[in-house]
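These notes are about the structure you will find just below.
Predicted, not measured: the structure shown is a model, and the values here were computed from it. As a basis for the values below, the full set of heavy atoms in this structure was taken, side chains included, without hydrogen atoms, waters or symmetry mates.
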Amino acid sequence: MIPQDSTLRVVRPTDNVPQIAAMYRQALGFDLLKQFDDYQGFDGVVLGHKQHPYHIEFVHKIGSEVGQAPSHEHLLVFYVDCSQAWERACRNMIDAGFSVVESSNPYWEQVGKTFEDLDGYRVVLQNRDWER
């Protein structure tokens, strides 16, 4: 078992590091934790909050092309139980350039909204507490 205080980092490739970083920082209020240019052939950023045990890293391998998301089921899901905070978060997503899309899984549509970034990857904001 890994230690319970471990930090999770989700890494996603992109051809648009600066634009994607700006979208996620504006929409979700993430801090820029780290940025690197041509580090062993990769450019990238690490976003998150210093006090949260998760980060999102966006990377681009120099000289390669990633293209669009491989499917609509590549999701980041955030549970926001306060309705006012959820509505504000949804507005922030749109203001940051995310598109509202219909989820391919109807579960996410029950009390949530699905947003797509310019790479075709999706973020779901659920208006409920995570059910344990």
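- Linking ILVMFWY residues whenever their side-chain heavy atoms come closer than 4.5 Å, directly or via other members, leaves Ile62 and Val59 in distinct clusters.
- Considering only residues two or more places apart in sequence or on other chains, Arg128 meets the salt bridge (charged side-chain N to carboxylate O under 4.0 Å, His left out) condition with Glu131.
- Scanning for ring pair (Phe, Tyr, Trp, His ring centres under 6.0 Å) contacts around Phe115 gives an empty result, with sequence neighbours left out.
- In plain terms, the two heavy atoms of Tyr107 and Gln126 that are nearest each other are CE2-NE2, 4.1 Å.
- Tracing side-chain contacts under 4.5 Å through hydrophobic residues (I, L, V, M, F, W, Y), one never reaches Met23 starting from Val66; they form parts of separate clusters.
- Follow the hydrophobic side-chain contacts under 4.5 Å out from Val123 and you reach Val10 in the same cluster.
- Between Ser99 atom OG and Ile94 atom CD1 the span is 9.0 Å, to the nearest 0.5 Å.
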- Apply side chain to side chain contact (heavy atoms under 4.5 Å, CB included) to the pair Ile56 and Leu76, showing each step before the final yes or no. CA-CA 10 Å; Ile56 301 171; Leu76 292 176; 3.5 Å; yes
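- Val80 and Val111 fall into different hydrophobic clusters, where Ile, Leu, Val, Met, Phe, Trp and Tyr are joined by side-chain heavy atoms under 4.5 Å apart, directly or via other members.
- Listed by first then second residue, pairs satisfying salt bridge (charged side-chain N to carboxylate O under 4.0 Å, His left out) with a partner in residues 4-22 read Arg9-Glu57, Arg12-Asp117, Arg12-Asp119, not counting sequence neighbours.
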Distance-only donor-acceptor pairs under 3.5 Å for side chains of residues 26-35, two or more places apart:
{"unit_1": "Gln26", "atom_1": "NE2", "unit_2": "Asp95", "atom_2": "O", "d": "3.3"}

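- When every heavy atom of Cys90 is checked against every heavy atom of Leu125, the shortest pair comes out as N-CD1, 3.8 Å.
- Atom CD of Gln84 sits in a sparse spot, with 12 or fewer heavy atoms from other residues, nucleotides or ligands closer than 6.0 Å.
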Show me, pair by pair, the donor-acceptor contacts under 3.5 angstrom made by side chains of residues 37-54, not counting sequence neighbours?
{"unit_1": "Asp43", "atom_1": "OD1", "unit_2": "Asp38", "atom_2": "N", "d": "2.6"}
{"unit_1": "His52", "atom_1": "ND1", "unit_2": "Tyr54", "atom_2": "OH", "d": "3.3"}

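- Residues Val100 and Ile20 share a hydrophobic cluster, clusters being chains of Ile/Leu/Val/Met/Phe/Trp/Tyr side chains in contact below 4.5 Å.
- Each of Tyr24, Tyr121, Phe36 was compared with Phe58 under the ring-ring contact (aromatic ring centres under 6.0 Å, His included) criterion, and only Tyr24 meets it.
- Checking side-chain atoms of His60 against main-chain N and O of Val17 turns up no donor-acceptor pair under 3.5 Å.
- Residue pairs meeting the side-chain hydrogen bond (donor to acceptor under 3.5 Å, both in side chains) criterion with at least one member in residues 68-83, sequence neighbours excluded: Ser71-His74, His72-Arg122, Glu73-Ser104, Ser83-Asn127.
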